[in-house]
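Reviewing the structure listed below.
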Amino acid sequence: MRLHSLIGGAAIAFGAVTVLSGGAVLLGPQSVQDAAGDIVRPVVWFNALSGLAYVVAGAGIIRRRAWAGPLSRAIAVAIALMLGILVAMILAGSAWEPRTLLAMLVRLAFWIIAALVALRSGLRPVG
C-alpha cells in the first residue's frame, strides 16, 4: 500500500471518529456529556466540524488530487491556531481535560505529516 493511501485512509477514519465523538459530546445524551468531563466547548465544536474537512482531505489524498495538499496544510494551521487558543484558555484558568490537550497535539502531528505526504506524493489536478 502506498503511503498516500495509508495516510488518506487514516484521515478519513480519523475524521469520521472525530465527527461522531465530538457530536456525541456536544449533542448526545447527558451521560456522554458528563463522561467527557471539563470540555472546552469551542475546541470540541472546532474538532467536530473540522472532522468533515479531514474526510474530504483524506479522500483527496487517496485520489492524489492537487488540492489535497493545501487543504491538509490549512487543516494543520487551523489546528495549531485552535491549540494556541486552548493553551491561552488553560493559562487563563479555564477548566479543561488533559486528554483534550493530548488529542490536539496528536491531531496537529497527524496533519503535519498528512500535509507533507500530500504535498510530496505527486498529486495531480482533477481530470
Going from [atom1] on [X] to [atom2] on [Y], what distance comes out if it is rounded to the nearest 0.5 angstrom?
X: M82; Y: M104; atom1: CE; atom2: CE; answer: 6.5 Å
X: I90; Y: L83; atom1: CD1; atom2: CG; answer: 8.0 Å
X: I62; Y: L6; atom1: CD1; atom2: CG; answer: 9.5 Å

Closest contact, heavy atoms only, A57 versus A68 =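 That would be O-CB, 4.1 Å.
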Can you name the closest pair of heavy atoms from D38 and E97 and give their distance?
->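 So the two residues come closest at N-OE2, 2.8 Å.
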Listed pairs under 3.5 Å, donor-acceptor, residues 39-53 side chains, sequence neighbours left out:
residue	atom	partner	partner atom	Å
N47	ND2	V43	O	3.3
S50	OG	F46	O	3.0
S50	OG	N47	O	3.1

Taking the side chain from R65 and the backbone from A59, do they hold a donor-acceptor pair closer than 3.5 Å?
-> no
Run the side-chain donor-acceptor check on residues 9-26: report pairs under 3.5 Å with partners two or more places apart or on a different chain.
residue	atom	partner	partner atom	Å
T18	OG1	F14	O	2.6
S21	OG	V17	O	2.9
S21	OG	T18	O	3.4

Show the atom names and distances, to 0.1 Å, of all donor-acceptor pairs under 3.5 Å that link a side chain in residues 105-118 to residues at least two apart or in another chain.
residue	atom	partner	partner atom	Å
R107	NE	Y54	OH	3.4

L91 reachable from I85 in the ILVMFWY side-chain graph, under 4.5 Å edges = yes
In the single-linkage hydrophobic clustering (I, L, V, M, F, W, Y; side-chain heavy atoms under 4.5 Å), do I79 and L81 co-cluster?
-> no
